[in-house]
Amino acid sequence: MKLILLGAPGAGKGTQAEIVSGKLDIPTISTGNILREAIKNETECGVKAKAFMDAGNLVPDEVVVGIVSERIAKDDCKNGFILDGMPRTVRQAEALDAMGVTIDSVIAIEVEDSAIERRMSGRRVCEKCGASYHMEHKKPEKDGVCDSCGGKLVLRKDDAPDTVRDRLRVYHEQTEPLVEFYSAKGILKTVHGDNGIENTTRLIFEALGV
Ligand code: AMP
């Protein structure tokens, strides 16, 4: 199964991708995590991406398309994958089509902007493995420490309130048109993402029929 999780930053794509990935036994491809890793390792791609990301803007399409085409060619993607955070523009979606990738379902997770702004202030990520947590809804066992790898949990630079507002604007302008794009293909399923993690997961499983 090839899935796309669509939604505003902070809608819960990463959290849900992790759960769905475990249930369906297919990998998650998070372009945000791959880019953050590239920045940490100071690769050529990371150097290109950093200024865009820090400002809450999108990284150029060709950079992201390159990353995804390399990643989905790997062996572990042969039974399917979950795209978390890609595509984010119609051009990226068209690039997936051009690569011959047939998407089975697109799950759009809907959450109000005001709820997202509140959520993002509590979000923390592991600086080592990229796992995400929330100070209220998804606390780690030990304060400030990642459950899976013991890494330090930090507030992402782009989760600062002003940057979040910029990212939401970018989402509405550049990513939201994808709702129409995939709806026209008849593969879009919309779920409400504002009633807790478990409830959202249940709605996603129902939408996927798994
Ligand atoms: P995320 O972790 O998915 O919220 O992504 C964090 C940041 O990485 C975004 O604000 C963008 O700057 C960049 N990014 C991630 N995925 C993409 C994408 N598909 N296209 C362009 N920029 C992206």
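Only this structure's heavy atoms are used, side chains among them; waters, hydrogens and symmetry mates stay out. One-based numbering, in listed order, for ligands and for the atoms of each. Note that this is a predicted model, so its numbers are computed, not measured.
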Is a donor on one side and an acceptor on the other found under 3.5 Å between the side chain of [X] and the backbone of [Y]?
{"X": "Ser21", "Y": "Ile26", "answer": "yes"}
{"X": "Gln16", "Y": "Gly12", "answer": "no"}
{"X": "His192", "Y": "Asp194", "answer": "no"}

Listing, residues 137-149 side-chain donor-acceptor contacts under 3.5 Å, not counting sequence neighbours, or none:
unit_1: Lys138; atom_1: NZ; unit_2: Ser132; atom_2: O; d: 2.9
unit_1: Asp147; atom_1: OD1; unit_2: Glu141; atom_2: N; d: 2.8

Can you pull every nitrogen or oxygen pair between ligand 1 and the protein closer than 3.5 angstrom?
unit_1: ligand 1; atom_1: 2 (O); unit_2: Arg36; atom_2: NH1; d: 3.0
unit_1: ligand 1; atom_1: 2 (O); unit_2: Arg36; atom_2: NH2; d: 3.0
unit_1: ligand 1; atom_1: 2 (O); unit_2: Arg156; atom_2: NH1; d: 3.3
unit_1: ligand 1; atom_1: 2 (O); unit_2: Arg156; atom_2: NH2; d: 3.4
unit_1: ligand 1; atom_1: 3 (O); unit_2: Arg88; atom_2: NH1; d: 3.1
unit_1: ligand 1; atom_1: 3 (O); unit_2: Arg88; atom_2: NH2; d: 3.2
unit_1: ligand 1; atom_1: 4 (O); unit_2: Arg88; atom_2: NH2; d: 3.2
unit_1: ligand 1; atom_1: 4 (O); unit_2: Arg156; atom_2: NH2; d: 3.3
unit_1: ligand 1; atom_1: 4 (O); unit_2: Arg167; atom_2: NH2; d: 2.8
unit_1: ligand 1; atom_1: 12 (O); unit_2: Asn57; atom_2: O; d: 2.5
unit_1: ligand 1; atom_1: 16 (N); unit_2: Thr31; atom_2: OG1; d: 2.8
unit_1: ligand 1; atom_1: 16 (N); unit_2: Gly85; atom_2: O; d: 3.3
unit_1: ligand 1; atom_1: 16 (N); unit_2: Arg88; atom_2: NH1; d: 3.0
unit_1: ligand 1; atom_1: 19 (N); unit_2: Gly85; atom_2: O; d: 2.9
unit_1: ligand 1; atom_1: 19 (N); unit_2: Gln92; atom_2: OE1; d: 3.0
unit_1: ligand 1; atom_1: 20 (N); unit_2: Gln92; atom_2: NE2; d: 2.8
unit_1: ligand 1; atom_1: 22 (N); unit_2: Val59; atom_2: N; d: 3.0

Test side-chain contact (heavy atoms from CB on, under 4.5 Å) applied to Leu3 and Val106, Leu83, Ile103, Leu24, the passing residue:
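Filter result, single survivor: Leu24.
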Is there a side chain to side chain contact (heavy atoms under 4.5 Å, CB included) between Arg165 and Arg169 once you walk through the steps?
CA-CA 6 Å; Arg165 275 188 284 277; Arg169 185 182 42 75; over 6 Å; no
